[in-house]
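Below is one structure, written out as C-alpha cells, with a few remarks after it.
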Amino acid sequence: MLNIRIEKAPAPKLLPEADNPLIFGTIFTDHMFIMDYTEDNGWHDPRIIPYGPVPLEPSAMVFHYGQELFEGLKAYKAGDGRILLFRPELNAKRSNDTCERICIPTIPVPDYVQAVKELVAIDADWIPDRPGTSLYIRPFIIATDPFLGVRPSASYKFIIILSPVGAYYPEGLNPVKIWVEEEYVRAVRGGLGEAKAGANYVASLKAQIKAKEAGYSQVLWLDGIERKYVEEVGAMNIFFKINEEIITPALCGSILPGITRRSCIELCKLWGYDVSERQISADEIISAAKSGTLKEIWGTGTAAVISPVGLLKKGETEVEIGNGGIGELTQRLYDTLTGIQLGKIEAPADWVEVV
Ligand code: PLP
Ligand code: COI
C-alpha cells in the first residue's frame, strides 16, 4: 500500500464547457501522480501534485534510447454517480510485462491500481458524462539516468496523467477506412510488438502518414516476416466475422495483447460464438469479402472502444464491408462493453472496479 503525499493545485483550471468536443488527448486535468525509482530506494516518494512540466536533464536516457512504456485505461461516471474503472489490474500487469521486456523495474499491481484510483478520485470532477466520453488515464514510465551509454537506466519516474476525452476517431461510431501496409512493418517476433513501448508507435508513424494521405484513417499491419498475415491496427486489435466464425490474429509475440480484445473474446464465447485466435492472411480476408462471406470487421481498444471497419484497401484492391455500415455483432459488442463500463449492464466478475 502506497502512502501517497498530496499537494493540491492552488488554482484549479476551468472544467471544459459542456459542449467541448473533448478531442482525444488535448485537455489535461489539475493533478498528476509521480513516483521515483532509484536502485537504493526502489520505487519511492509517491505523490499527487499539480499537473505541470517535469524537470529532466537533457541527458536523461529516455530522450536518447527511448526506454519508456505507457498504458491506457479509462474512468467512467455511472448514472448513479459511481466512478468505475474497467479491469485496471490487467493494465498494471501488462505494464509489468512491458517493464520486464524493456528492463524497467516492475511496480506491484495493487500499488499501480491504488495510484490510478487516488488520482482519479482527486480529479473526479473532470470525468465527463456525455455519451461517448470518459476520462482517459495515461500511466507511463520513463528512464531518467543522465547518461549517454547504452544500458538500462538505474532511475525512473512513473507518472500518471488524466485527460477527458470523446471519440478517438473523428468518425465516432461510423466505420473507419483501413489501409493494409505492405512496405513498412511495425514489429517482428522477438522485438517489442507485444510490449506497450513508445518505440512501437514511432515505428508506425511513417505508414500512418502514408495511409492518411491516401484518405485512410488507420494502418492494418502485416507480419514482419512473410508480410502476409494480419497483426493489428495502429491503436487497436482487429476482429473478423467470416460466416459464423469470429477470427482475431493469435498473440504471436508481435501483437499487443489488448484488454478490449480479451474482453471481446470472452463476451463472444459467452454468447456462444466460435472464436478462433489464429493466423489470418490479408488475402483470405479479401477473398471472403469478394465471395460475400466476410460479414463484419471491427477494431478493439481502450481509446478506440469498438470501432467498425467499413473499407479495406490492399494494393490496388479495395473492398467494402457490410455496405459500409456497422455490423450487428459489432453494435452488440459496442453496446454491451460500454454498458458494462458505464455500470448499466452487469459485468462478469471483476470487470469493473469502483474508485
Ligand atoms: N494495439 C495497439 C497497438 C494499441 O495501441 C492498443 C491500445 O492500447 C490496442 C491494440 C488495444 O489495447 P487495449 O484494448 O488494451 O486498449
Ligand atoms: C489506448 O487505446 O489506450 C492506446 O494506448 C491507444 C493510443 C495509442 C492512443
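Values below: all heavy atoms of this structure, side chains included; hydrogens, waters and symmetry mates excluded. Just so you know, ligand 1 is whichever comes first in the structure, and atom 1 is the first atom listed for that ligand.
- Checking only distances, Y136 does come within under 3.5 Å of ligand 2, N or O to N or O.
- The side-chain heavy atoms of L337 and F86, taken from C-beta on, include a pair separated by under 4.5 Å.
- For atom 7 (C) of ligand 2, the nearest protein heavy atom (residue, atom name, distance) is R138 NH2, 3.9 Å.
- Neither the backbone nor the side chain of M236 has a heavy atom within less than 4.0 Å of ligand 2.
- Scanning for side-chain contact (heavy atoms from CB on, under 4.5 Å) contacts around E316 gives an empty result, with sequence neighbours left out.
- Side-chain N/O atoms of Q208 and Y216 include no donor and acceptor closer than 3.5 Å.
- By the 3.5 Å distance cut-off applied to N or O atoms, Y201 is not counted among the residues near ligand 2.
- Every heavy atom of K74 sits 4.0 Å or more from the atoms of ligand 2.
- Summary of contacts: the protein heavy atom closest to atom 6 (C) of ligand 2 is A235 CB, 3.9 Å.
- Comment: K295 does not engage E328 in a salt bridge, judged by the lack of any side-chain N to carboxylate O separation of less than 4.0 angstrom.
- Taking distance alone, with nitrogen or oxygen atoms compared against 3.5 Å, A303 approaches ligand 2 more closely than that limit.
- Residues L220 and V230 meet the side-chain proximity criterion, which asks for heavy atoms closer than 4.5 Å.
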Please tabulate protein-ligand N/O pairs under 3.5 Å for ligand 1, atom names and distances to 0.1 Å.
residue: ligand 1; atom: 1 (N); partner: E232; partner atom: OE1; Å: 2.5
residue: ligand 1; atom: 5 (O); partner: K196; partner atom: NZ; Å: 3.3
residue: ligand 1; atom: 5 (O); partner: Y201; partner atom: OH; Å: 2.5
residue: ligand 1; atom: 8 (O); partner: K196; partner atom: NZ; Å: 2.8
residue: ligand 1; atom: 14 (O); partner: I259; partner atom: N; Å: 3.2
residue: ligand 1; atom: 14 (O); partner: T260; partner atom: N; Å: 2.9
residue: ligand 1; atom: 14 (O); partner: T260; partner atom: OG1; Å: 2.5
residue: ligand 1; atom: 15 (O); partner: R94; partner atom: NH1; Å: 2.7
residue: ligand 1; atom: 15 (O); partner: R94; partner atom: NH2; Å: 3.2
residue: ligand 1; atom: 15 (O); partner: I259; partner atom: N; Å: 2.7
residue: ligand 1; atom: 16 (O); partner: T302; partner atom: N; Å: 2.8
residue: ligand 1; atom: 16 (O); partner: T302; partner atom: OG1; Å: 2.6

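- Atom CG of D350 has 12 or fewer neighbouring heavy atoms from other residues, nucleotides or ligands inside a 6.0 Å radius.
- Not a single heavy atom of E71 sits less than 4.0 Å from an atom of ligand 2.
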